[in-house]
Asks: 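The structure under discussion is supplied below as structure tokens; questions concerning it will follow.
Residue numbers start at 1 and run along the sequence shown. Ligands are counted one by one from 1 in listed order, and the atoms in each one are counted from 1 as well.
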Amino acid sequence: MAHDTDVVIVGAGPCGLFQIFELGLLGLKAHIVDALPKPGGQCTELYPDKPIYDIPALPICGAQELIDRLMQQIEPFGAEFHLDQQVTEVQRQEDGRFTVRTSAGVEILTKAVVVAGGVGSFQPMPLRVDGVDPFVDRQVFYRVKDPSQHHGKDLVVLGGGDSALDWVLALADEARSITLIHRSDKFRAAPASVAKMEALVASGRMKFMVGNVVGMDTTDGAIKSIHVRDPKEQVEKLPLDHLLVFFGLSPKLGPIAEWGLGLDKNPIVTATEKFESNVPGVYAVGDIATYPGKKKLILSGFHEAALAAFAIKARIEPDKKVHLQYTTTSPIMHQRLGVKETPAAG
Ligand SMILES: Cc1cc2nc3c(=O)[nH]c(=O)nc-3n(C[C@H](O)[C@H](O)[C@H](O)COP(=O)(O)OP(=O)(O)OC[C@H]3O[C@@H](n4cnc5c(N)ncnc54)[C@H](O)[C@@H]3O)c2cc1C
């Protein structure tokens, strides 16, 4: 059965999350969808441990901390999250509403759509070996969804970042055998994880190889072994059951490009009064929105989310005037925020 809501937000980066807050203050319900398994967009995916210095009134705030704080701030509004799935389709209905469909088969009927898709969905960088695609999610995995699927198997893990090292360490005791392959002996992962991996290699519990995968052997519709070329151009065949590939993520605009929105290269052209696109009822905020003078900063996205929320409220309830109210003093906003008593001003 399709969900029914006021607004669907495409993208759960900082600006999509703050959009929930601004809509919630005005009494509007939201569903939010992200291709990633957790909220946070670029902050969580690209620089979680780095400090941000230009969030108003927070002189220093870790990127993941910012997302944690936003999640706390939006909690009263009970937005529904649909993670680990891409919005594939936004279809306008005759009554002016939209049907939003996701790659996981979720269908949401909504009165408005806010695209907060940043630089696009983060997709895993693929292994470029001829003939590998039909084996994805059977023997070749870009994400570990169910770790037990890999227990008791001969595993090969590719990559040198945190994901590769974290999964090697998590699966070392459970796999029949495990080999980590990276193009060099320099890692981008946390030094403590690298040290643990090296200790496992020293104790003979796993193997590490420097090299690149350049080919594979298949028999009876299954990969039997991969060909690994080392820095001396020697190629070794390595038998395996499962290959886990962690080459990092790269953003792709993906299906957003097919929704008929006016695009300027990648970003969506918006008018700065409402942050509406060329399709009435579809709005854009954050990095994906463009207009003269646009700066791709989180604080710009927060401002855009506030104005988009007012515009959406006016669109959904055209007969009512949308009054500006302060969170400090508005009883209706206190009720929506779940504030029990108005705290005394300090
Ligand atoms: C290293 C680094 C440091 C930075 N430092 C600062 C700083 O100090 N101050 C500052 O203001 N900014 C900084 N930025 C920029 C800031 O991170 C971005 O402006 C901000 O993340 C934009 O937020 P967003 O919500 O618009 O998009 P994003 O954070 O890009 O999130 C967009 C989300 O949309 C999802 N998505 C896209 N398409 C779909 C789809 N079809 N279906 C489902 N999901 C989809 C993506 O998976 C993603 O999670 C920095 C950026 C980087 C890379």
Asks: Can you tell whether the side chains of Asp84 and Lys38 come within less than 4.0 Å, N to carboxylate O?
Replies: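 No salt bridge links Asp84 with Lys38.
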Asks: Tell me whether Val115 shares a hydrophobic cluster with Leu307, the cluster being built from Ile, Leu, Val, Met, Phe, Trp, Tyr side chains joined at under 4.5 Å.
Replies: no
Asks: Which residue is it: Lys313, Lys321, Arg315? I am looking for the one with a side chain to side chain donor-acceptor pair (under 3.5 Å) to Glu317.
Replies: Lys313
Asks: So if I apply the salt bridge (Lys or Arg N to Asp or Glu O under 4.0 Å) rule between Asp241 and each of Lys153, Arg176, Arg138, which one comes out positive?
Replies: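 The salt bridge (Lys or Arg N to Asp or Glu O under 4.0 Å) with Asp241 is passed solely by Arg176 among Lys153, Arg176, Arg138.
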Asks: Mark yes or no for whether Ser203, through its side chain, and Leu200, through its backbone, hold a donor-acceptor pair below 3.5 Å.
Replies: yes
Asks: Measuring only between side-chain heavy atoms, which start at C-beta, is Gln42 closer than 4.5 Å to Asp287?
Replies: yes
Asks: Counting only heavy atoms and a distance below 4.0 Å, can you name the residues contacting ligand 1?
Replies: Val10, Gly11, Gly13, Pro14, Cys15, Gly16, Val33, Asp34, Ala35, Leu36, Gly41, Gln42, Leu46, Tyr47, Ile52, Asp54, Gln85, Gln86, Val87, Ala116, Gly117, Gly118, Val119, Gly120, Ser121, Phe122, Ile256, Gly286, Asp287, Lys296, Leu297, Ile298
